[in-house]
Amino acid sequence: MPLLKSWVESANDAKNPFPLNNLPYGVFSVDDGDLRCGIAIGDRIIDATGLEAAGILRADPDADVLDAPYWNDFMELGPKVWADYRTKLQELLAEDASDEIQDQLTTYSVPMAEATMHMPFRVAEYTDFYAGRHHATNVGTMFRGAENALPPNWLHIPIGYNGRASSVVVSGTDIRRPWGQLKSPDHDTPAFLPCRRFDIELEMGAIVGTPSNGPVTVDEADEMIFGYVLLNDWSARDIQAWEYQPLGPFQAKATATSISPWIVTKAALEPFRVDTPEREYELLDHLKDTGPMLYDIKLAVDMAPAGQPATTIARTNYREMYYSSAQQLAHHSTSGCPMRTGDLLGSGTISGATKPERGSLLELSWGGKEPLTLDTGEERSFIEDGDTLTLKGHCEGDGYTIGFGTCTGTVLPALEDPYAR
Ligand code: CA
C-alpha cells in the first residue's frame, strides 16, 4: 500500500510518523484545558471529542463514547465500529476532501507541539510476558547458567505474570528510583536499600479492545486486539534477583511501566505483518500460528545522561518475538480468565541475536561485567540518576512511515527516606 495523501500537508512527508495511513489515537490537553480524545495526523492533533459532540464524526449514532479522557468506551464497540470510524476519518482527512470539510476539521484541531499527552486509555489490568527467545536465553544464562537458560515450559507456552495496572504511566512521566529488599552476593543477610541495578525493558504493549469470558482461539484473540504501544517495563534487577523464586517478579516490576502516548491501531499495522520464527517444538493446536502474527516494527533505545546528548544503545525489531500478542492473549484465556477492554499485555523484552540488539541493560552490560561506553564517553552498566531513557519504534512503508511516537522517562534519585512522613 502506498502513502495515502492528506490535505494536512505535513502528513505527506515520507518521514512523518503520522500519515493518513496511521491515524493513532491518544488523549491530549492544551494550556491546562480539559483532557480530550485526539487523533494524530502530520504535525496536528484532531479533536475527536469535539468532532463527536459537533456530530461531524461519530462512532455510535446514539451515544457519546469520546466524551471521557480515554478511548475505552470506543474500544468496547468492537472491530466493525473501529473499521467504519477509520474509513470515515480517512475520508475526512484525504486530500480530495471538500474545502468545507477541511475548514471544519482545521477548527477542530491543534498543533501537536502545543499539546500535552496523557494516558490514552484506562488500563484495566496489566500482564507482562517473557516471550523473546534471545532475551530469555540471555537472562537465563546469567541467572541459572547456559544449560538451564530456557525453562522446560518456555518453548511450549508464553510465560507471563500479572503486573499492576496502577503502575502504568504515560511517556514523559519521571520515574523515581525504588527502594527494596535485596541481597548482595557479598553479604550473608538481605538489606533494605535503594535499587543499584535499575534497568529498562524494551517491549511492545498490546491493548485488548473487546472483552472475552472463556477460552478464545488465536484468531479470536487477534480480533480482540485494538492496537499497540511501545512499553518500557522498568526493572530493579537486584530486587528481582532476590525475590523472584519461585513465584516470579513482584516489587522489582511494580515501580512503573511507561507506555508511548499514541495507540497505533492494528489496522495501521496490517501491511507489516510477518511470521513468527520457526518452532523447535510444534505448538499445541490452541496456540498454533494461523498466519503471520508478528509485525515488522523497527525499535531502538536511546540513553541520555542529564543535560547531555543521547546515545542509541540498542536496535532491534518486534519480529524477533517467539510468541505473538494474539498467542499470548489466547493462552491467557485458556483457564477461563475473563479478559477486559483496556487490558494491557506486555510482549516481553525484545532482543535480537547480537549484542547491539539487546533490549535491556542487564543484557547489554552482561550483568554489569561489560559496561557500555556512551558517545559522551561515560560508562554505564545500569541506569544512573538523571538518565533519560527513550524507546522509539516505526514501520517503514512504501513512501511513508508508521510511527509510535516515543516512550521516554527520566530516572530521579531515590528518596532519602522512603518512610519519611
Ligand atoms: Ca518485562
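Starting from 1, each residue takes its place in the sequence as its number. When reading the values below, keep in mind they use all heavy atoms of this one structure, side chains included, and skip hydrogens, waters and symmetry mates.
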May I ask you to test the [X]-[Y] pair for a side-chain heavy-atom distance under 4.5 Å?
| X | Y | value |
| --- | --- | --- |
| Val65 | Leu77 | yes |
| Lys298 | Glu396 | yes |
| Val264 | Val229 | no |
| Leu155 | Leu150 | yes |
| Leu294 | Pro292 | no |
| Leu230 | Ile259 | no |
| Ile239 | Gln181 | no |
| Glu379 | Leu374 | no |

Kindly state whether the ring of [X] and the ring of [Y] have centres lying under 6.0 angstrom apart.
| X | Y | result |
| --- | --- | --- |
| Trp179 | Phe192 | yes |
| Tyr161 | Phe250 | no |
| Tyr295 | Tyr228 | yes |
| Phe121 | Phe226 | no |
| Tyr281 | His156 | yes |
| Tyr130 | His135 | yes |

Heavy-atom donor-acceptor pair, [X] side chain to [Y] backbone, under 3.5 Å:
| X | Y | value |
| --- | --- | --- |
| Thr406 | Thr408 | no |
| Glu203 | Asn232 | no |
| Gln328 | Ser347 | yes |
| Glu114 | Pro111 | no |
| Asn12 | Ser6 | yes |
| Glu243 | Gln251 | yes |
| Glu223 | Pro79 | no |
| Asp233 | Glu201 | no |
| Trp82 | Met75 | yes |
| Ser333 | Gly336 | no |

Any side-chain donor-acceptor pair under 3.5 Å between [X] and [Y]?
| X | Y | value |
| --- | --- | --- |
| Ser109 | Arg44 | yes |
| Ser360 | Glu363 | yes |
| Ser29 | His118 | yes |
| Thr49 | Glu52 | no |
| Asp296 | Asn317 | yes |
| Asp43 | Ser10 | yes |
| His332 | Thr127 | yes |

Shortest non-hydrogen contact from [X] toward [Y]:
| X | Y | value |
| --- | --- | --- |
| Ala256 | Ile175 | CB-CD1, 3.7 Å |
| Thr141 | Ala149 | OG1-CB, 3.5 Å |
| Cys195 | Leu182 | CA-CD2, 4.3 Å |
| Leu364 | Ala314 | CD1-CB, 4.3 Å |
| Asn153 | Ile159 | OD1-CD1, 3.3 Å |
| Leu391 | Leu231 | CD1-O, 3.3 Å |

Check this for me: does any side-chain nitrogen of one of [X] and [Y] sit under 4.0 Å from a carboxylate oxygen of the other?
| X | Y | result |
| --- | --- | --- |
| Arg237 | Asp199 | yes |
| Arg380 | Glu378 | yes |
| Lys355 | Glu370 | yes |
| Asp128 | Lys253 | no |
| Glu125 | Arg340 | yes |
| Arg273 | Asp222 | yes |
| Glu280 | Arg133 | yes |
| Arg279 | Glu282 | no |
| Asp84 | Lys88 | no |

Exercise. Can you say whether the rings of Trp71 and Tyr25 are parallel (under 30°), tilted (30 to 60°) or perpendicular (over 60°)?
Worked result: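 Because their plane-to-plane angle is under 30°, the rings of Trp71 and Tyr25 count as parallel.
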For this session: Could you please spell out the steps behind the side chain to side chain donor-acceptor pair (under 3.5 Å) verdict for Glu357 and Thr354?
Result: CA-CA 5 Å; Glu357 295 172 84; Thr354 70; 2.5 Å; yes
[atom1] of [X] to [atom2] of [Y]: how many Å apart, nearest 0.5 Å?
| X | Y | atom1 | atom2 | answer |
| --- | --- | --- | --- | --- |
| Ile157 | Phe129 | CD1 | CZ | 10.0 Å |
| Thr210 | Glu220 | OG1 | CD | 10.0 Å |
| Thr341 | Arg122 | OG1 | CZ | 10.0 Å |
| His394 | Ile402 | NE2 | CD1 | 11.0 Å |
| Phe382 | Leu362 | CZ | CG | 5.0 Å |
| Leu283 | His331 | CG | NE2 | 11.5 Å |

Exercise. Could you give all pairs that pass the salt bridge (Lys or Arg N to Asp or Glu O under 4.0 Å) test and reach residues 152-172, with sequence neighbours left out?
Worked result: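 Those involving residues 152-172 do not exist here.
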For this session: Go through the steps for Ile200 and Ile383 under the test side chain to side chain contact (heavy atoms under 4.5 Å, CB included), then give the verdict.
Result: CA-CA 8 Å; Ile200 53 154; Ile383 300 170; 4.0 Å; yes
For this session: For the pair Arg196 and Asp238, evaluate salt bridge (charged side-chain N to carboxylate O under 4.0 Å, His left out) and give the outcome as yes or no after the intermediate values.
Result: CA-CA 7 Å; Arg196 295 162 177 180; Asp238 39 10; 5.6 Å; no
Heavy-atom count around [X] [atom1] within 6.0 Å, excluding the residue itself: above 12?
| X | atom1 | answer |
| --- | --- | --- |
| Asp188 | CG | no |
| Asp31 | CG | no |
| Arg86 | CZ | yes |

